[in-house]
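Worth knowing before you read on, the calculation uses all heavy atoms, side chains too, and leaves out hydrogens, waters and symmetry mates. Lettering of chains follows the sequences in order, A, B, ..., and the numbering in each one begins at 1. Since the model is a prediction, treat every value here as computed from it, not as a measurement.
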Protein chains: 2
Amino acid sequence: MDVDTRLLRYFVVVAEELSFTRAAKRLYVAQPSLSRQIRQLEARLGADLFTRTSSAVALTAAGRALLPAARRQVAEWQESVRLVRTAAAAERNVLRIGFAATGGGDLARRARSAFTRRYPGVTVEPKRFEWGGEARAVRDGLADVAYVWLPAELDGLCSEVVATERRWVAVKTTHPLASREEVGIGDLRDEPLMWTRVAPPEWVDWWAVNPRPDGSEPVWGPENANVEEMLEHVATTSGVCIGPESMKSFYVHPDLTWRPVVDIEPLRIALAWPEHSANALVHAFVEIVRRLA
Amino acid sequence: MDVDTRLLRYFVVVAEELSFTRAAKRLYVAQPSLSRQIRQLEARLGADLFTRTSSAVALTAAGRALLPAARRQVAEWQESVRLVRTAAAAERNVLRIGFAATGGGDLARRARSAFTRRYPGVTVEPKRFEWGGEARAVRDGLADVAYVWLPAELDGLCSEVVATERRWVAVKTTHPLASREEVGIGDLRDEPLMWTRVAPPEWVDWWAVNPRPDGSEPVWGPENANVEEMLEHVATTSGVCIGPESMKSFYVHPDLTWRPVVDIEPLRIALAWPEHSANALVHAFVEIVRRLA
DNA sequence: CGCCGCCATACGTTCCAGGCATGGACGTGG
DNA sequence: CCACGTCCATGCCTGGAACGTATGGCGGCG
C-alpha cells in the first residue's frame, strides 16, 4: 500500500486542527477535496482515522497511532531530500551559498574571495532566494550554507551572527524625506510600507517595525516577493521601503534616495548551515567567515 | 516536495537492478513508464540519481545517498500501516486470526474455544487468506496472529511450530489411485499437480516435492489461488493436489478421494505474530495455543 | 555491416486531485 | 419553535499525471 507524503501532511494538519474546514484553509485546498482525500486514506488503510459529526471531529485509536508516524515520515523525507541534494552538489565539487537580496553584504564578497583563494578547485555557486527563503533553502538542501537575515526560523540549523547593518529607508527622489540627512521611524508613520507574503508574519513585522514605538500599525503598501519588485514599487508608487545599508550600494536605482533610519535596531546577519553537516567545505567556509567577521 | 512511496519503491528496484528494463519487469510496469517516473523524481529533487548510457546504468552520489533512505522510508510506512490497523482492531476489542485453507486444523478450533471461554468479551475474527498470504497478512496488520504453513518468510515475526500434519493427495474418485489405501510420491510422477502464482516459488516447490526424490520435476497442472479453486480443478481436470490431512475433513467434495502420501515430510504449522507486539490478547492467545499444542 | 538490446520520446486513454455548488445534520439565538 | 450559521459529505466538471503501445536513436557484438 502506497501513500504520498502530501496525504500524510494533510492528515497531520487535520489531526492538529480537528476540523476539516480549518485544516483546508491552512493547506490552501478546498474543504471537499480534503475530506475526500482523508476518506481515501482511511479506505486504503481499512481503518477509520477520525470520528466525524457535524459539530466535532476526533481522532480514533488508529488515528492516534498514525499521527506520530506520519509526522516522522514527512520529516524524514525532508531530510532525505536535503541529503540527496547535498550529495549531488558535493559530487560536482561546488559550494552553494544562499542569500536573499544583498545577503551578507560586503563580508560575503570578502569571504568568497578568501575561500576561492584557499580552495581554487571548488566552484562557488551563489544562490539568490526570495524574502526569508534563505534558511528554508538550507533546510531543503538547495544551499549548503546561507547568510540569513534575522529574525528567522533556525530549527535544525547551526548559526552564528557574523554581521550587523544599520537599516535605511528608500524613498522616491522627489519625496519630502529625500531632502533630510537622516530620518526617525516616527517620520514614516503615514508612509505606505512594502511587504511580502512569501516570508512569515514575524519577519514582515520586524522589518516594518510593527508595532511602532507609539503603538500604531504601519500603513501597508503593495506586496512583493524580492528586492527588484520592491524597489520598482517604491520608485513608481507612493510607498517607501526599509532595507539594510548595503542595499544602497548593491541596488542603484535612478529614482530612489536612501536615508538612514537612526532610531531602530540594526539588521543582524547570521551564517547558517545544517546541523550534522558532513561537508568539509561548509565547515571551512564557516571558519573563513568567522575569521573575517 | 512530496513523494509517493510507490516512486521510492520504483527507485529502489532500479537501483538494485541497475537496468530500467529488468526493473520494469520486476515491478510489472512498462519500461517507458518507469523511465519517466524516475526522470520526474530526479527533476523534483533537482539532482540526477542515475547516469544512463544505452549500455549501462549507474548510481550517482545523489542516488547512493537516496537508496538507504528510500528503503527505510518504504519499510517505515509498512510498519506504520501495521500499527494503524492493529490499533483499529484493538479499539474494537477484536482478535483477528489469520489462516489459509484449513489453517491450524483442529487445534485452531480448540484454541478458539478456549480463548473465547477465557475472554468472553473479545470478538474473534477468523480471516482467510490465499495461499502463502498468512504471514504477509500479519506483517501488513491485516491479522493480529496467524497459523502459518511452513516454509514461509517469517522476517519481522515471532513464530512457534504448534502442529504437524501428514500430507495427503486428492484425486478424482474415478482415478486409479483412488482404489489404493495409501500412495508414495513416486506414484505421482506423471500426475499434473496444481500450483499457484500467489505464493513464492519455494512454497510451491515444497508442496510439489520439487525436485522429486528421483530428481525429476513434477508435471504442472492448472494454476489456482485458494483451496476452492484447487479442488474444483482436481474434480474436473486430470490433475491431483497435495494438502494437509485436515483438508480431507474440512473440505468435503463428492467427486474427490483423499489418500495419505506416506513417504514425504509432514506439513509444519507455526503460529506467528508481530515482533514487539504490544497487544495483550495476542500474547494470551499464543499462550493458549502453546498449552494445547 | 547488420542485428539486437536498452533507454528515450510521442501519442492516446484512464484515473484522480482539485475547484465550485449544494445537500443534510447539528447547534444556537431570537 | 423556527431561522440561521457552521460543518462535513456528495455531485459534477476540468486539468494533469500515470500508464500502455508504438517507435526512434544509440551502442555493442557477432
Side-chain angles (χ1 to χ4, degrees), chain A residues 1-60 62-64 66-67 70 73-74 77 81, chain B residues 1-60 62-64 66-67 70 73-74 77 81:
Chain A
M1 227 227 48
D2 293 310
V3 238
D4 198 307
T5 50
R6 181 178 41 82
L7 252 185
L8 295 180
R9 288 191 296 110
Y10 285 9
F11 165 72
V12 169
V13 174
V14 175
E16 283 173 357
E17 296 289 342
L18 290 179
S19 155
F20 285 79
T21 309
R22 277 198 305 275
K25 284 209 178 73
R26 252 181 72 183
L27 291 165
Y28 299 102
V29 296
Q31 166 264 320
S33 182
L34 186 57
S35 282
R36 264 190 312 253
Q37 312 243 357
I38 299 291
R39 279 248 176 268
Q40 182 196 321
L41 179 61
E42 291 177 321
R44 289 203 294 201
L45 287 169
D48 283 355
L49 297 170
F50 297 99
T51 55
R52 309 152 166 81
T53 70
S54 60
S55 55
V57 171
L59 280 168
T60 61
R64 283 190 296 275
L66 182 58
L67 184 52
Q73 288 263 317
V74 172
W77 172 244
V81 171
Chain B
M1 228 226 45
D2 293 311
V3 237
D4 198 308
T5 51
R6 181 177 43 81
L7 251 184
L8 295 180
R9 288 191 296 108
Y10 284 8
F11 165 73
V12 169
V13 173
V14 175
E16 283 172 356
E17 297 289 341
L18 290 179
S19 155
F20 285 79
T21 309
R22 278 198 304 276
K25 284 208 178 73
R26 253 181 69 185
L27 290 165
Y28 300 102
V29 295
Q31 167 264 318
S33 181
L34 186 57
S35 281
R36 264 191 314 251
Q37 313 248 346
I38 299 291
R39 279 248 177 265
Q40 184 197 321
L41 179 59
E42 291 176 323
R44 289 203 292 199
L45 287 169
D48 283 357
L49 298 169
F50 297 99
T51 56
R52 311 151 165 80
T53 71
S54 61
S55 55
V57 171
L59 279 168
T60 61
R64 283 190 296 276
L66 182 57
L67 184 52
Q73 288 260 316
V74 172
W77 173 244
V81 171

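The salt bridge (charged side-chain N to carboxylate O under 4.0 Å, His left out) analysis of residues 43-57 of chain B, with sequence neighbours excluded, yields the pairs B/Glu42-B/Arg52.
B/Arg26 is linked by a salt bridge (charged side-chain N to carboxylate O under 4.0 Å, His left out) to B/Glu16, B/Glu17, counting only residues two or more places apart in sequence or in another chain. Here B/Tyr10 pairs with nothing under the ring pair (Phe, Tyr, Trp, His ring centres under 6.0 Å) rule; sequence neighbours left out. Applying the side chain to side chain contact (heavy atoms under 4.5 Å, CB included) test to A/Ala62 and every residue at least two apart in sequence or in another chain returns A/Ala47, A/Leu49, A/Thr60, B/Val84, B/Ala88. In this structure, the side chain to side chain donor-acceptor pair (under 3.5 Å) partners of B/Thr5, at least two apart in sequence or on a different chain, are A/Asp2. For A/Ala15, the side chain to side chain contact (heavy atoms under 4.5 Å, CB included) partners two or more places apart in sequence, or in a different chain, are A/Phe11, A/Phe50, A/Leu59, A/Leu67. Taking B/Thr53 as the reference, B/Ser55, B/Ala56 meet the side chain to side chain contact (heavy atoms under 4.5 Å, CB included) condition, with sequence neighbours excluded. Checked against side chain to side chain contact (heavy atoms under 4.5 Å, CB included), A/Val74 has the following partners two or more places apart in sequence or in another chain: A/Leu8, A/Arg9.
Between A/Ala24 and A/Leu34 the shortest heavy-atom distance is N-CD2, 3.4 Å. Of all heavy-atom pairs between A/Arg6 and A/Gln37, the closest is NH1-OE1, 3.1 Å.
Contacts between residues 43-60 of chain A and DNA chain C, defined by a heavy-atom separation below 4.0 Å, involve A/Ser54, A/Ser55, listed by number. Applying a 4.0 Å cut-off to non-hydrogen atoms, the residues of residues 20-39 of chain A that approach DNA chain D are A/Phe20, A/Thr21, A/Gln31, A/Pro32, A/Ser35, A/Arg36, A/Arg39, listed by residue number.
Once you apply a 4.0 Å limit to the heavy atoms of chain A, the touched nucleotides of DNA chain C run 5' to 3' over C/dA17 to C/dG27.
As a whole-Å value, the separation of A/Gln40 CD from D/dT10 C1' is 16 Å. Look at CG on A/Leu18: it is 14 Å from C1' on D/dC8, rounded to the nearest Å.
Here the CG-CE distance, from A/Leu41 to A/Met1, works out to 6.5 Å after rounding to the nearest 0.5 Å. The CD atom of A/Gln40 sits 10.5 Å away from atom CG of A/Leu45, with the distance rounded to the nearest 0.5 Å.
End-to-end axis angle for the helix from C/dC1-D/dG30 to C/dG30-D/dC1, using five pairs per end and rounding to 10°, comes out at 10°.
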